[in-house]
Amino acid sequence: MILFLSLIDDEYEKIKFKDIYNTYKKMMFYIAQKILKDEHDAHDAVQESFFKIIRNIDKINDINSLKTKGFICIIVKNTSIDIYRKLKRKNEREVLYEDESLFETESYEYDEIEMANEIEMGILKLPEKYKSVFLLKYSQGLSNKEIGNLLDIKESTVRIRILRGKEKLKEILEQMGVAVNE
Amino acid sequence: MSKIEITDELLYKHCPNVEKYIVDKIPKEEDIDYVYPKKFDRKIKKLIKEEERPVFSNKIYRYTRKVAMVFILITIGLFTLTMSVESLRIEFFNIIKEIHKEFTIYKFDDKSNDLEFKNMEPEYLPKGFKETDRRIMDDDILFMYSNGTDFLTYHYFKVDNSNLYLDTEDTKTTKVLINGVEGEYIEKEKYYTIIWEDAGYCYIVRLEYLDKSYVDNKYEELIKIAKNIKENKK
């Protein structure tokens, strides 16, 4: 019985890989293309993202859930940003590591009326590197170690990003006129 | 007006809504007007195919004797004409080894292994290898490493009353010595395995690759990994 269950499990994973690709391949391209603005580079980002998804297949349960869509979205976005930076370096242009506004794919889509909650608006306005870590931790429920593995950064870097992300959120909220505790 | 405090609880409450907002803003799959080139689709399918293989082949099955008997009966039914069974006791292994045509069964027979489980981990890895996955159960550890093209599995478990199956059809098997303990080196196509038992624990180190391997001197590297497995006391 265990043998058969193992085989079914493998077969299930095989189908799961294919289902994820068929369900989200266009969305993956859409996100990558928005950041990289080049079809070939976007393909590289999709391929690299898919490789990461396969490596983290155990974190995906329901393929069609909002959680899975969000998870894939974060992976593609971060992979695309990494590729963007590499290309910049390759082209020996100035790399503005802190200039995350380049990657704010949602920024021009914000609608403050739609987003009634100020805290959520503040989180949405965070630079991508903090926002991704926040969403992976506080929405996807990943541990710091898992986030580090997924984003190819050290666990200590994840911890620092969470701390700095909170500081940045406080700053953003204060700018929005929200009273935040010191 | 009361001040808010940015706590983990606050973020756990609001981040799912932010994620939902972001996801909802992305157009639906069917509304995105893009068709991948067929070449790219083929590339991804190849990636899936290649990724499956280590998952499948890294599986080393361990069952209770009862389950194993079912498996053996099925196998006998299929291979009655071709199977030749050789049973022998290996002194050092303290296990029964059954050699079948297609596979070998290592039958561990230690009902009273009440040793404390030690966390033994490889301290040496060949150049370029990084850990990709680890599964730790009560008396069983399975670590996976990769350099992108080669895959390394380290499986370590407490010997108990169970059986281990290894695919040994058409293999080249040689005896090896790991820190004074006798073990076996098994080579089959793209799979290279060292198995040994030491003081109530079984160790398996396996290297495999897909199309091309970047590990030179596989035998020497596996021996080096095996000889450098130390207790992680952290």
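First the proteins, then the strands, lettered A, B, ... as listed; each starts at 1.
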Enclosure of B:Lys230 NZ (heavy-atom neighbours >12, cutoff 6.0 Å): yes

Any non-hydrogen side-chain atom of A:Lys25 less than 4.5 Å from a side-chain atom of B:Tyr36? yes

Contacting moiety of A:Glu39, where chain B heavy atoms sit under 4.5 Å: side chain

Between the NE2 atom in B:His14 and the CG atom in A:Leu169, the distance rounded to the nearest 0.5 Å is 10.0 Å

Can you find a pair of side-chain heavy atoms, one from B:Leu11 and one from A:Ile119, that are under 4.5 Å apart? no

Atom pair NZ (A:Lys131) and CD (B:Glu19), whose distance is rounded to the nearest 0.5 Å: 11.5 Å

Contact between B:Ile4 and A:Asn181 at the side-chain level, heavy atoms closer than 4.5 Å - yes or no? no

If you measure from the Lys or Arg side-chain nitrogens to the Asp or Glu carboxylate oxygens, is any gap between B:Asp133 and A:Arg55 under 4.0 Å? no

Who passes side chain to side chain donor-acceptor pair (under 3.5 Å) against A:Lys69, sequence neighbours left out? none

Starting at CD1 of B:Ile26, measure out to CD1 of A:Ile72 and round the result to the nearest 0.5 Å. 10.0 Å

Find out whether A:Ile123 and B:Asn17 are in side-chain contact, i.e. whether some heavy atom of one side chain is under 4.5 Å from a heavy atom of the other. no

Run B:Thr132 and A:Asn149 through side chain to side chain contact (heavy atoms under 4.5 Å, CB included) and show every step you take. CA-CA 9 Å; B:Thr132 56; A:Asn149 288 338; over 6 Å; no

Is there a side-chain contact between A:Phe29 and B:Phe40 in this structure, where contact means two heavy atoms from C-beta onward sitting under 4.5 Å apart? no

Are side-chain heavy atoms of B:Val18 and A:Phe134 found at a separation under 4.5 Å? no

Applying a heavy-atom distance below 4.5 Å, give me the residues of residues 135-148 of chain A that approach chain B, sorted by number. A:Leu135, A:Lys137, A:Tyr138, A:Ser139, A:Gln140

Around atom NZ of A:Lys59, are there more than 12 heavy atoms from other residues, nucleotides or ligands closer than 6.0 Å? yes

Please report the closest heavy-atom contact between A:Met27 and B:Glu29, naming both atoms and the distance. N-OE1, 2.9 Å

Report which part of B:Asp31 has an atom under 4.5 Å of a heavy atom belonging to chain A: side chain, backbone, both, or neither. neither

How about B:Thr7 and A:Lys166: do any of their side-chain heavy atoms sit closer than 4.5 Å? no

Please output the side-chain donor-acceptor pairs of residues 43-52 of chain A that fall under 3.5 Å, not counting sequence neighbours, one pair per line with the distance.
unit_1	atom_1	unit_2	atom_2	d
A:His43	NE2	B:Tyr34	OH	2.6
A:Gln47	OE1	B:Lys43	NZ	3.3
A:Ser49	OG	A:Ala45	O	2.6
A:Ser49	OG	A:Thr79	OG1	3.4
A:Lys52	NZ	A:Thr79	OG1	3.2

In this structure, are over 12 heavy atoms from other groups packed under 6.0 Å from B:Tyr12 atom OH? yes

Checking heavy atoms, do the side chain of A:Ile162, its backbone, both or neither come under 4.5 Å from chain B? neither

So do A:Val180 and B:Glu5 actually touch side chain to side chain, heavy atoms under 4.5 Å? no

Can you give me the closest heavy-atom contact between A:Gly70 and B:Val23, atom names plus distance? CA-CG2, 3.5 Å

For B:Asp33, I'd like to know if atom CG has over 12 heavy atoms of other residues, nucleotides or ligands within 6.0 Å. no

Which residues pass the side chain to side chain donor-acceptor pair (under 3.5 Å) test with B:Glu123, sequence neighbours left out? none

Around atom NZ of B:Lys218, are there more than 12 heavy atoms from other residues, nucleotides or ligands closer than 6.0 Å? yes

